[in-house]
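What follows is a set of notes on a single structure, which appears directly below.
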Amino acid sequence: MGLGEGKKSECARQVEWVGKKLWQTGGEISLGKPGKNALDCVSVQDVKQLEGWIDNFGIENNFFIRFTTRASVAANKARVACRETEIALVPLLEAGLRREVFVYMNRLSDYLYALACWLEKEEKK
């Protein structure tokens with residue numbers, strides 16, 4: 001197992017968790033509220049979980065990164081889609097969407113950026 005293999009496994013678990021949360025979030029958005037099939041909706045604690053993961057990547061850059069590896073490009077594409085979704089949620093936020101959903105999407109795009117940066121760095125080692 002290479003140096004980054006343990007972290008890659010952890011990232012895979014994180015992405016799986018995010019996928020489950022997004023599935024529930026999609027249900028909440030389509031229903032207009034938590035409940036019925038949207039029972040495990042995002043919470044303040046989920047936002048804090050994302051923030052902890054972002055911090056654990058240790059990415060400290062404020063400059064443009066050109067993503068060139070397959071994994072980092074995929075994570076960055078997901079980030080762009082997440083930002084577009086965040087923008088599309090603004091009218092729903094004004095119409096009563098729970099703030100936690102909007103904040104979660106915002107932090108998720110930051111998580112995906114940190115993941116892309118980490119993946120780019122790892123693949124170039």
Side-chain angles (χ1 to χ4, degrees):
M1 183 183 322
L3 183 62
E5 293 303 316
K7 182 71 170 174
K8 286 181 184 178
S9 295
E10 177 60 25
C11 289
R13 284 189 290 278
Q14 292 171 1
V15 169
E16 183 178 344
W17 178 83
V18 164
K20 290 175 182 176
K21 284 295 178 180
L22 286 175
W23 186 258
Q24 289 294 308
T25 300
E28 178 178 347
I29 291 167
S30 69
L31 292 169
K33 62 182 179 182
K36 203 163 182 166
N37 294 328
L39 301 173
D40 188 21
C41 300
V42 296
S43 66
V44 172
Q45 185 58 38
D46 296 324
V47 172
K48 289 179 182 178
Q49 179 68 68
L50 284 175
E51 290 171 343
W53 290 341
I54 292 166
D55 292 343
N56 285 338
F57 281 118
I59 304 299
E60 295 182 17
N61 63 346
N62 291 323
F63 53 88
F64 176 76
I65 291 180
R66 183 172 305 279
F67 298 111
T68 59
T69 68
R70 181 180 230 161
S72 65
V73 168
N76 191 51
K77 283 182 180 180
R79 179 196 63 83
V80 170
C82 190
R83 283 284 189 223
E84 290 171 348
T85 301
E86 181 185 356
I87 292 166
L89 289 177
V90 170
L92 296 177
L93 181 63
E94 294 168 353
L97 178 70
R98 287 185 317 118
R99 180 162 172 72
E100 291 89 345
V101 173
F102 187 77
V103 172
Y104 181 83
M105 294 304 291
N106 174 271
R107 299 311 293 151
L108 178 57
S109 62
D110 290 343
Y111 167 80
L112 291 168
Y113 177 76
L115 175 62
C117 291
W118 184 82
L119 289 167
E120 181 72 20
K121 181 180 170 187
E122 282 299 301
E123 294 296 318
K124 291 197 172 181
K125 282 186 178 178

Output every pair passing ring-ring contact (aromatic ring centres under 6.0 Å, His included) with a member in residues 8-28, not counting sequence neighbours, ordered by first then second residue. Trp17-Trp53

Does a side-chain heavy-atom distance below 4.5 Å link Val44 with Glu100? yes

Please give me the minimum heavy-atom distance between Ile59 and Trp118, naming the atom from each residue. CD1-N, 3.9 Å

Whether Glu86 and Arg83 form a salt bridge (side-chain N of Lys/Arg under 4.0 Å from carboxylate O of Asp/Glu) is what I want to check. yes

How close do Leu119 and Ala71 get, heavy atom to heavy atom, and via which atoms? CD1-O, 3.8 Å

I need the Arg79 CZ to Lys77 NZ distance, nearest 0.5 Å. 13.0 Å

Using 0.5 Å steps for rounding, measure from the CZ atom of Phe57 to the SG atom of Cys11. 4.0 Å

On a heavy-atom basis, the closest approach of Glu120 and Thr68 is OE2-OG1, 2.6 Å

Charged N to carboxylate O under 4.0 angstrom, Glu28 versus Arg98? yes

Determine, step by step, whether Leu50 and Asp110 satisfy the side-chain contact (heavy atoms from CB on, under 4.5 Å) criterion, reporting the C-alpha distance in whole Å, the side-chain angles of both residues, the deciding distance to 0.1 Å, and the verdict. CA-CA 9 Å; Leu50 284 175; Asp110 290 343; over 6 Å; no

Which value, rounded to the nearest 0.5 Å, describes the distance between Met105 atom CE and Lys21 atom NZ? 13.5 Å

Might you point out which heavy atoms bring Val15 and Tyr111 nearest each other, and give the distance in Å? CG2-OH, 4.1 Å

Rounding to 0.5 Å, atoms CD (Gln14) and OG (Ser9) come to a distance of 11.0 Å

Do Val90 and Phe102 have side chains that approach each other closer than 4.5 Å (heavy atoms only, starting at C-beta)? yes

Work out which heavy atom in Ser109 is nearest to a heavy atom in Cys82; give both atom names and the distance. N-SG, 3.6 Å

If you group Ile, Leu, Val, Met, Phe, Trp and Tyr by side-chain heavy-atom gaps below 4.5 Å, do Val101 and Leu92 land in one group? yes

Is any side-chain heavy atom of Leu108 closer than 4.5 Å to a side-chain heavy atom of Leu22? yes

Ile87 and Pro91: which non-hydrogen atoms are nearest, and at how many Å? O-CD, 3.9 Å

Side-chain contact test, heavy atoms from C-beta onward, threshold under 4.5 Å: evaluate it for Ile29 versus Leu89 and give yes or no. yes

I'd like to know whether Val73 forms a side-chain contact (heavy atoms from CB on, under 4.5 Å) with Asn76, so could you lay out the CA-CA distance, the side-chain angles of the two residues, the decisive distance to 0.1 Å, and finally the verdict. CA-CA 5 Å; Val73 168; Asn76 191 51; 5.8 Å; no

Do Asp46 side-chain atoms and Ser43 backbone N/O form a donor-acceptor pair below 3.5 Å? yes

So, taking the atom named CG in Asp55 and the one named NZ in Lys48, what distance separates them when rounded to the nearest 0.5 Å? 13.0 Å

When the ring planes of Phe67 and Tyr113 are compared, do they come out parallel, tilted or perpendicular, using 30° and 60° as the limits? perpendicular

So does Glu10 pair up with Arg13, basic N to acidic O under 4.0 Å? yes

